[in-house]
Amino acid sequence: MSAGGSTVKGPNVLIIGAGGVGVITAYSLWFKNKCNVSVVIRSDYEIVSQVGYSIDSCDYGKIENWRPHSIHKTIEDSLSSKIFYDFIVVTTKNIPDGPVASRVSTILRPILTSNTEIDPKKESNILLIQNGIDLENEIIQTYSRDELENVTLLSGIQFIGSTKIGPGKIHQLGKDRLFVGGFDSCDIKARNASQEFIEIYSNEGYNIVEFEPRVRYARWKKLLYNAAINTTTALVQLDVPRTLEFAKNKDHTEKFIYEPAMREIIAIAASEGIIIEEEFIDFFINISRNLLFKPSMCVDREKNQLMELEIILGNPIKVAEKNNVPVPTLFLLYNLLTLVQSKLKEELGLLKFDEKTLKLQSTT
Ligand SMILES: *[C@@H]1O[C@H](CO)[C@@H](O)[C@H](O)[C@H]1NC(C)=O
Ligand SMILES: *[C@@H]1O[C@H](CO)[C@@H](O)[C@H](O)[C@H]1NC(C)=O
Ligand SMILES: *[C@@H]1O[C@H](CO)[C@@H](O)[C@H](O)[C@H]1NC(C)=O
Ligand SMILES: *[C@@H]1O[C@H](CO)[C@@H](O)[C@H](O)[C@H]1NC(C)=O
């Protein structure tokens with residue numbers, strides 16, 4: 001397949017985060033050929049610019065030497081051509097407690113500034129294809145009302161198994177199913193923009209992309225799994241079936257960690273008026289028992305990378321506190337994982353502990 005480079009009549013899409021998810025997202029948009037696809041590729045820029053991506057995909061087959069319409073080493077480079085990006089798709093990890101430079105609100109700032117300079121009246125659509133709950137708050141709290149007047153915030157919940165297995169090499173094992181909707185389900189502009197995105201993303205017979213009218217419901221439901229199971233695997237550094245089989249009586253993890261943690265998520269969601277059916281507890285535990293699998297949170301810990309702790313546990317616990325919902329299991333998991341996260345931060349030089357005073361030194 002050729003490397004593209006031509007321009008397509010249609011919206012301009014900028015993808016930030018060229019990991020397993022981001023590259024398949026870029027490929028799906030490129031394949032449909034209804035938009036211009038630009039990707040910011042940090043670590044693999046040289047190899048991709050020389051030979052393109054090598055993709056082994058359960059949806060699209062084996063693809064060699066593929067490039068999107070344009071690639072950029074940095075966000076600044078992607079702005080030098082003065083293109084208005086209609087859709088800014090963020091597929092990075094969401095770590096609001098990480099370094100300021102890698103926060104979503106920081107990453108977006110120059111792009112939104114550039115878009116406003118090019119056309120202040122045009123809508124910039126930001127699509128966050130990320131896990132967790134309340135991730136839009138970081139953006140809403142960082143920007144002024146004015147700055148967000150012509151910005152639409154879209155939520156993408158993706159079910160896909162795709163990993164970067166080497167420089168410029170992507171292996172997609174699980175079929176791509178994407179659900180898109182406005183973070184604010186009453187936002188008409190977001191509804192419209194979601195439909196437009198679905199139109200440029202959908203490849204019949206290859207992927208599944210649907211409008212999600214109940215974004216919060218869908219996010220709380222996915223959290224049922226993430227908040228209970230991913231967190232535990234990360235804490236103990238075991239794959240999912242081992243966390244079940246290694247337990248006291250082979251059932252204590254299920255009975256005393258997973259089930260109560262999931263019930264607490266259901267209770268928090270209920271305090272917000274969102275009803276998650278109890279059957280999903282059994283459903284997720286059944287899946288876990290039958291699939292040898294290590295969630296990304298566990299993989300991150302093993303690779304000494306920061307985990308998406310705040311959006312998976314910190315944010316739901318904030319809601320629980322606001323609504324007076326008792327969440328002892330989640331709270332314990334969160335506090336233990338906060339220590340693990342701090343250990344990772346110390347190893348990455350983001351935290352300094354003074355062994356003379358035995359105190360944490362304040363850092364920026
Ligand atoms: C947003 O767009 C409208 C037109 O659609 C324009 O009147 C307004 O000034 C823009 N807002 C900002 C903050 O640029
Ligand atoms: C809806 O989307 C279409 C493009 O699909 C655009 O032309 C139109 O202006 C949008 N309307 C609103 C209200 O955002
Ligand atoms: C989970 O597995 C158990 C035992 O195999 C079965 O009885 C139950 O119906 C399953 N539940 C769901 C929701 O799949
Ligand atoms: C948790 O595991 C789910 C299920 O595989 C995965 O989709 C998700 O990316 C993981 N999330 C985190 C934060 O590790």
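Treat the numbers as computed from the prediction; the structure is a model and nothing was measured. Every number for a ligand or one of its atoms is a count from 1 in the order of the listing.
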Legend entry - Salt bridge flag under 4.0 Å for residues Lys164 and Asp44: yes
Legend entry - Aromatic ring pairing Tyr27/Phe31, orientation class (parallel under 30°, perpendicular over 60°, tilted between): tilted
Legend entry - Minimal non-hydrogen separation, Met307 against Val340, with atom names: CE-CG1, 3.9 Å
Legend entry - Test item: protein heavy atom less than 4.0 Å from atom 7 (O) of ligand 3: no
Legend entry - Side chain to side chain, Ser124 and Phe84, heavy atoms closer than 4.5 Å: yes
Inset, instruction - Taking only heavy atoms of Pro120 into account, list the atoms of ligand 1 that are under 4.0 Å away from them. - result: 1 (C), 2 (O), 10 (C), 14 (O)
Legend entry - Residue and atom name of the nearest protein heavy atom (relative to atom 12 (C) of ligand 1), distance in Å to one decimal: Asn150 ND2, 3.6 Å
Inset, instruction - Ignoring angles and geometry beyond distance, decide whether Asp146 reaches within less than 3.5 Å of ligand 1 through its nitrogen or oxygen atoms. - result: no
Inset, instruction - Could you tell me whether the side chain of Arg67 and the main chain of Gln50 form a donor-acceptor pair under 3.5 Å? - result: yes
Legend entry - Heteroatom distance test (Thr116, ligand 1): nitrogen or oxygen, under 3.5 angstrom: no
Inset, instruction - Could you say whether the N/O atoms of Glu279 and ligand 3 ever approach to under 3.5 Å? - result: no
Legend entry - Protein non-hydrogen atom found under 4.0 Å from atom 2 (O) of ligand 3: yes
Legend entry - Side-chain (Arg177) to main-chain (Phe159) donor-acceptor, under 3.5 angstrom: no
Legend entry - Proximal ligand 3 atoms for Asn286, defined as those under 4.0 Å from one of its heavy atoms: 1 (C), 2 (O), 3 (C), 8 (C), 10 (C), 11 (N), 12 (C), 14 (O)
Inset, instruction - Measure the distance from atom 5 (O) of ligand 1 to every protein heavy atom, then report the residue, atom name and distance (to 0.1 Å) of the closest one. - result: Lys121 O, 3.6 Å
Legend entry - Ile208 side chain near Leu178 side chain, heavy-atom distance below 4.5 Å: no
